[in-house]
Amino acid sequence: MTTAQTQELDVQPTPLALLLLGREADPKSERGVECPGDLPSPSDPDLVERARKAKEKLGDKVFVLGHHYQRDEVIQFADVTGDSFKLARDAAARPEAEYIVFCGVHFMAESADILTSDDQKVVLPDLAAGCSMADMATAEQVAECWDVLTEAGIAEQVVPVSYMNSSADIKAFTGKHGGTICTSSNAKRALDWAFEQGEKVLFLPDQHLGRNTAVRDMGMSLDDCVVYNPHKPNGGLTADELRAAKMILWRGHCSVHGRFSLDSVNDVRERIPGVNVLVHPECKHEVVAAADYVGSTEYIIKALEAAPAGSKWAIGTELNLVRRLANRFAPEGKEIVFLDKTVCFCSTMNRIDLPHLVWALESLAEGNLVNRIEVDKETEAFAKLALERMLALP
């Protein structure tokens, strides 16, 4: 429908529609959408050379981080690759770099800003590269949840554990209320620690990682877990249900990993006899239960590195990484396929493309600081406290 037709019908775009079109910002979300300046054309055949020259001009002043789920066209310019926490720590280990260009999503850049020095400036090439999971838990919603727990008389027994894939505000809430952060690699250690501090855990914001860790790794039952829905009064739970639960799971999920189903697992086993199914713990519980192996992105990479030649693997994680691994290990005779039949990129990760990276690098090379991610000092202090508790885990 054209603009003229829209005006003729007197249809007014909703705030959500404007947000999705990139014309407005949501102050209650971790995403931003402004991108000052003109981006180079994606059809510019010189983009790779322009990125190389800008990075070369900046020299040691810039350190480029690339998350595993980034496009190949972007990852080629990363100084280091990894998962979100590894990259944030890598940034902190490079104090000589004035600019940290984070090719990932918003919450990752926030973590890098929290862990780096005040002299370092973290840049996100596209401010609209958010995370749908992180956006599923806002500071206001979590504060309201804590009020519900308080009214139920259990807040003093509850220890918050927040996944790394959360906003700085949620990390700060966690730190302020005596909790810790976890990654998909150390979630069990974080929960073990939390249950030493209290009787219950409020797990934010990914219900699947919390449930899978509690049931699969810690021997709890599904009945020990309840799901708090921030869009329902009292989270959709009674006070008795909250009092009986050990794990209070936030109703959040990853839009990529949540797509995999039990049918996906059954189908790939029929199509590829002898296949090993390896999935990320952000997948649904029934998918994790049906898989042969479960682990973080780093675990997935290491498992495939150690796999014997001729082995067959179906991987349940973001497609950019799966495709990159398939190409990497094909010469070794390892067959690696995507678990689902449908294409499933992380749409927000894919917002960091070569035009945005070139624009950011060239702007920095010209002395113009763009798209800086800066966490306020109070939020940073409490978020860092939660992160430090994680770093101190045994």
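Counting from 1, the numbers follow the sequence of the chain as shown. All values derive from a computational prediction rather than experimental measurement.
- Between the side chain of W250 and the backbone N or O of V142, no donor-acceptor pair lies under 3.5 Å.
- Looking only at side-chain heavy atoms (C-beta outward), R271 and V268 come within less than 4.5 Å of each other.
- The backbone N or O of D353 sits nowhere less than 3.5 Å from a side-chain atom of E73 that would complete a donor-acceptor pair.
- The nearest pair of heavy atoms linking A109 to V122 is O-CG1, 3.6 Å.
- Remark: side-chain polar atoms of N212 are paired, donor with acceptor, to backbone N or O of C283 under 3.5 angstrom.
- Shown here is E49, whose CD atom has more than 12 heavy atoms of other residues, nucleotides or ligands within 6.0 Å.
- Linking ILVMFWY side-chain heavy atoms closer than 4.5 Å, directly or via other members, places V215 and V279 in two distinct hydrophobic clusters.
- Although no hydrogens or angles enter the test, the distance criterion places no donor-acceptor pair under 3.5 Å between the side chain of D340 and the main chain of S264.
- Taking hydrophobic clusters as Ile, Leu, Val, Met, Phe, Trp and Tyr residues chained together by side-chain heavy-atom distances below 4.5 Å, F107 shares a cluster with L387.
- Counting heavy atoms of neighbouring residues, nucleotides and ligands inside a 6.0 Å radius, atom CZ of R89 does not exceed 12 of them.
- Interatomic distance, CD of Q70 versus SG of C346, reported as 8.5 Å (0.5 Å rounding).
- Hydrophobic clustering of Ile, Leu, Val, Met, Phe, Trp and Tyr side chains at less than 4.5 Å, counting indirect connections, keeps L204 apart from M133.
- Here CZ of R351 is found 10.0 Å from CG of L127. Values are rounded to the nearest 0.5 Å.
- No single ILVMFWY cluster, assembled from side-chain heavy atoms under 4.5 Å apart, contains both L149 and M247.
- No side-chain donor-acceptor contact under 3.5 Å links T174 to the backbone of P160.
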| query | Under the salt bridge (Lys or Arg N to Asp or Glu O under 4.0 Å) criterion, do D118 and K377 qualify, and how do the steps go? | reply | CA-CA 10 Å; D118 292 342; K377 291 302 177 185; 2.8 Å; yes
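- What you find for L385 and G175 is that their closest heavy atoms are CD2-O, 3.6 Å.
- The distance from the NE2 atom of H208 to the NZ atom of K284 is 6.5 Å, given to the nearest 0.5 Å.
- In the hydrophobic clustering of this structure, F329 groups with Y299; members are Ile, Leu, Val, Met, Phe, Trp, Tyr whose side-chain heavy atoms approach within less than 4.5 Å, directly or through other members.
- Salt bridge annotation for E241-R243: absent, with no cationic side-chain nitrogen under 4.0 angstrom from a carboxylate oxygen.
- Nearest heavy atom pair, residue V226 against residue A245, reads CG2-CB, 3.6 Å.
- Residues L237 and V148 are not in side-chain contact: their nearest non-hydrogen atoms beyond the backbone lie 4.5 Å or more apart.
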| task | Under the side-chain contact (heavy atoms from CB on, under 4.5 Å) rule, what do I301 and L321 come out as? Steps first, then yes or no, please. | result | CA-CA 9 Å; I301 294 168; L321 175 59; 4.2 Å; yes
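- Comment: D79 engages K55 in a salt bridge, judged by a side-chain N to carboxylate O separation of less than 4.0 angstrom.
- Distance check: D206 CG to M164 CE gives 14.0 Å after rounding to the nearest 0.5 Å.
- More than 12 heavy-atom neighbours from other residues, nucleotides or ligands sit within 6.0 angstrom of NZ on K312.
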| field | From CA spacing to verdict: side-chain contact (heavy atoms from CB on, under 4.5 Å), T183, S296 | value | CA-CA 8 Å; T183 67; S296 66; over 6 Å; no
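- In this structure, E332 places its CD atom where more than 12 heavy-atom neighbours from other residues, nucleotides or ligands lie under 6.0 Å away.
- Under a 3.5 Å cut-off, the side chain of R216 and the backbone N or O of A289 do not form any donor-acceptor pair.
- For residues 116-163, the pairs satisfying ring-ring contact (aromatic ring centres under 6.0 Å, His included) are W146-F173, W146-H177, with sequence neighbours left out.
- F77 is listed as a side-chain neighbour of L354, based on a closest heavy-atom distance under 4.5 Å.
- In this structure, the side chain of Q141 does not engage the main chain of P230 through any donor-acceptor pair within 3.5 Å.
- Considering NZ of K171 and OG of S166, their distance stands at 3.5 Å, rounded to 0.5 Å.
- Of the inter-residue distances, the one linking H67 atom NE2 with K86 atom NZ reads 10.5 Å to the nearest 0.5 angstrom.
- Taking H280 as the reference, H257 meet the ring-ring contact (aromatic ring centres under 6.0 Å, His included) condition, with sequence neighbours excluded.
- Contact record, A152 with L242: CB-CD1, 4.3 Å, taken as the closest heavy-atom pair.
- Residues F260 and V265 are not in side-chain contact: their nearest non-hydrogen atoms beyond the backbone lie 4.5 Å or more apart.
- A donor-acceptor pair under 3.5 Å is absent between the side-chain atoms of E378 and the main chain of A172, judged by distance alone.
- Salt-bridge annotation for K334 and E305: absent, with no side-chain N of the basic residue lying under 4.0 Å from a carboxylate O of the acidic one.
- When every heavy atom of L87 is checked against every heavy atom of L65, the shortest pair comes out as O-CD1, 3.5 Å.
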Ignoring hydrogens and angles, write down the donor-acceptor pairs under 3.5 Å from the side chains of residues 190-198, residues two or more places apart or on other chains.
from, atom 1, to, atom 2, distance (Å)
D192, OD2, K188, NZ, 2.9
Q197, NE2, W193, O, 3.1

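- Contact annotation: the side chain of I300 approaches that of L325 to within less than 4.5 Å [non-hydrogen atoms, C-beta and beyond].
- Considering every non-hydrogen atom in both N276 and S311, the closest pair reads ND2-CB, 4.4 Å.
- Here D263 does not pair with K341 in a salt bridge; the nearest charged N to carboxylate O distance is not below 4.0 Å.
- At least one donor-acceptor pair under 3.5 Å links the side chain of R324 to the backbone N or O of H68.
- The shortest distance between side-chain heavy atoms of V275 and R269 falls below 4.5 Å.
- A donor-acceptor pair under 3.5 Å is formed between the side chain of Q120 and the backbone N or O of S117.
- Within 6.0 Å of atom CG in D376, more than 12 heavy atoms from other residues, nucleotides or ligands are found, so the atom counts as buried in its surroundings.
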